[in-house]
Number of protein chains: 2
Amino acid sequence: MYEERLDKARERVIETISQNMNLYGITPSVGRLYGLLYFQAVPMTLDEMKEELGMSKTSMSTSVRNLLELKMVEKVWRKGSRKDQYQAEEDWHQTFVDLFTTKWRPSISMNISAIEKSLKEINLLLEEENAPEEVLAAAREDVTKLHEALNYYDWLGRLVNSFETGEIYQLVPKERNS
Amino acid sequence: MYEERLDKARERVIETISQNMNLYGITPSVGRLYGLLYFQAVPMTLDEMKEELGMSKTSMSTSVRNLLELKMVEKVWRKGSRKDQYQAEEDWHQTFVDLFTTKWRPSISMNISAIEKSLKEINLLLEEENAPEEVLAAAREDVTKLHEALNYYDWLGRLVNSFETGEIYQLVPKERNS
DNA sequence: TAGTTTGTACAGTAAAAACTGTACGAACTG
DNA sequence: CAGTTCGTACAGTTTTTACTGTACAAACTA
């Protein structure tokens, strides 16, 4: 009775988290698992999760792997049980930072290399004598755009750095200072 | 021949953009459309997009709507054509900011209200005389967690503000200053 | 050693999302 | 006014993604 009231209050938050977690590239059911772990005082085993969420153990295994990759969950050891135990990372600031470093940074690199490669090709093209002026004009515009894009990704990389080093908290402090 | 070389260089960048755009919650084909528009010197009509990407006009219509909602594309007017014309937002810094304000901010609000509602319920529960100590202990832990969560979302909201106001560029300047 | 238990790979199924074609309202044209 | 053209709602289809059950390797137990 009292317990159910607490559960209901938890449920609401878990459900909201799980629905909004798509911004992190996380599906609702993985989000729900994270929410469950977040409110759990003690680490959980795959079987307990399976039991609690009414899903297959296989799903729990892959969901947990997802969360581990994002560092939103960690494997912990607890004596007695032979089973793996998992608990949620509770520091959401840290989670936010990890999200950017694990998901955004690789993407930044990929974009930069693609742009640089194409820039080289276009610059080569621009030196061609017989290329029609029409194409050359387009190529010149592309060069401008690609430089701007490069500049953006450089900025984004520096932004992620400021998350990772914690510099961001100078501008936006963790605790409201008013 | 020369044109094909330029196209190939563009294609690479477009493909990379479209693949990495899932971080923005954008599907590859919508990303490809954005890439196409980005390199296009003049605004395009739905029919031109359809032609270029070999997809249905319906898809173009919904994809463009997606991009409009994210402010990654804008509708422009051009005399002569009766058709709607669309062009890509070229300032990616702005796009980044818009992404956070349109997608993250609503999510922040939702989370905050859910947490506040649940906090109230739990605080009510904590005043119950006959509630078992076990439940009360869990409830007290939850209150702590929810306050931390609230603090995180407050921080996230202030971070988004710093994007929107441009304050972020004080900490991470657009142009590398070395 | 043989017998459990645990986690996950893999193949198959169920659910969700993306995409298409048709149909139609609204806005133009003559 | 009838006749086009344009964009999109909607239903149906295809493709993708999520999830499950089986099977098996690795690690433990007696």
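Proteins come first, then strands; the chains are lettered A, B, ... in the order of their sequence lines, and each starts at number 1. Values below: every heavy atom of this structure, side chains too, minus hydrogens, waters and symmetry copies.
Of the side-chain N and O atoms in A/K57, one or more sit less than 4.0 angstrom from OP1 or OP2 of C/dG7. Not one side-chain nitrogen or oxygen of B/R82 sits closer than 4.0 Å to the OP1 or OP2 atom of C/dA26. Taking side-chain N and O atoms only, B/S59 has no distance below 4.0 Å to OP1 or OP2 of C/dC19.
Aromatic ring centres of B/Y153 and B/W104: separated by at least 6.0 Å.
C/dT20 atom P lies 13 Å from atom CD of B/E51, rounded to whole Å. Atom pair A/K50:NZ and C/dT5:P shows a separation of 14 Å (rounding to whole Å applied). A/M55 has its CE atom 17 Å from the P atom of C/dG7, to the nearest Å. For B/I26 and C/dA17, the CD1 to C1' distance is 16 Å, given to the nearest whole Å. With rounding to whole Å, A/K75 atom NZ is found 14 Å from C/dT6 atom P. Whole-Å rounding puts the B/R65 CZ to C/dA18 C1' distance at 14 Å.
Under the side-chain hydrogen bond (donor to acceptor under 3.5 Å, both in side chains) criterion, B/E11 pairs with no residue at all, not counting sequence neighbours.
Within the 4.0 angstrom heavy-atom criterion, only backbone atoms of the sugar-phosphate kind lie near A/T27; the bases stay farther away. Across all strands, A/S29 comes closer than 4.0 Å only to sugar-phosphate atoms, never to a base (heavy-atom distances).
Mapping B/K83 and A/T62 onto DNA chain D by nearest heavy atom places B/K83 closer to the 5' end of the strand.
Judged by distance alone, the side chain of A/N151 and the main-chain N or O of A/H147 form no donor-acceptor pair under 3.5 Å.
Relative to the side chain of A/L46, the nucleotides C/dC19, C/dA18, C/dG7 differ in distance, and C/dG7 lies closest.
A nucleotide of DNA chain D counts as in contact with chain A when one of its atoms lies under 4.0 Å from a heavy atom; the first and last such, 5' to 3', are D/dA18 to D/dT29.
With B/Y38 as the aromatic partner, A/K145 meets the cation-pi criteria of under 6.0 angstrom to the ring centre and within 45 degrees of the ring axis. Remark: B/K174 is positioned above the aromatic ring of B/Y169, its terminal NZ or CZ atom under 6.0 angstrom from the ring centre and at most 45 degrees off the axis.
In this structure, a donor-acceptor pair under 3.5 Å is present between the side chains of B/S59 and B/S56.
In summary, of the residues considered (A/M55, A/K57, A/M44), a side chain to side chain contact (heavy atoms under 4.5 Å, CB included) with A/M49 occurs for A/M44 alone.
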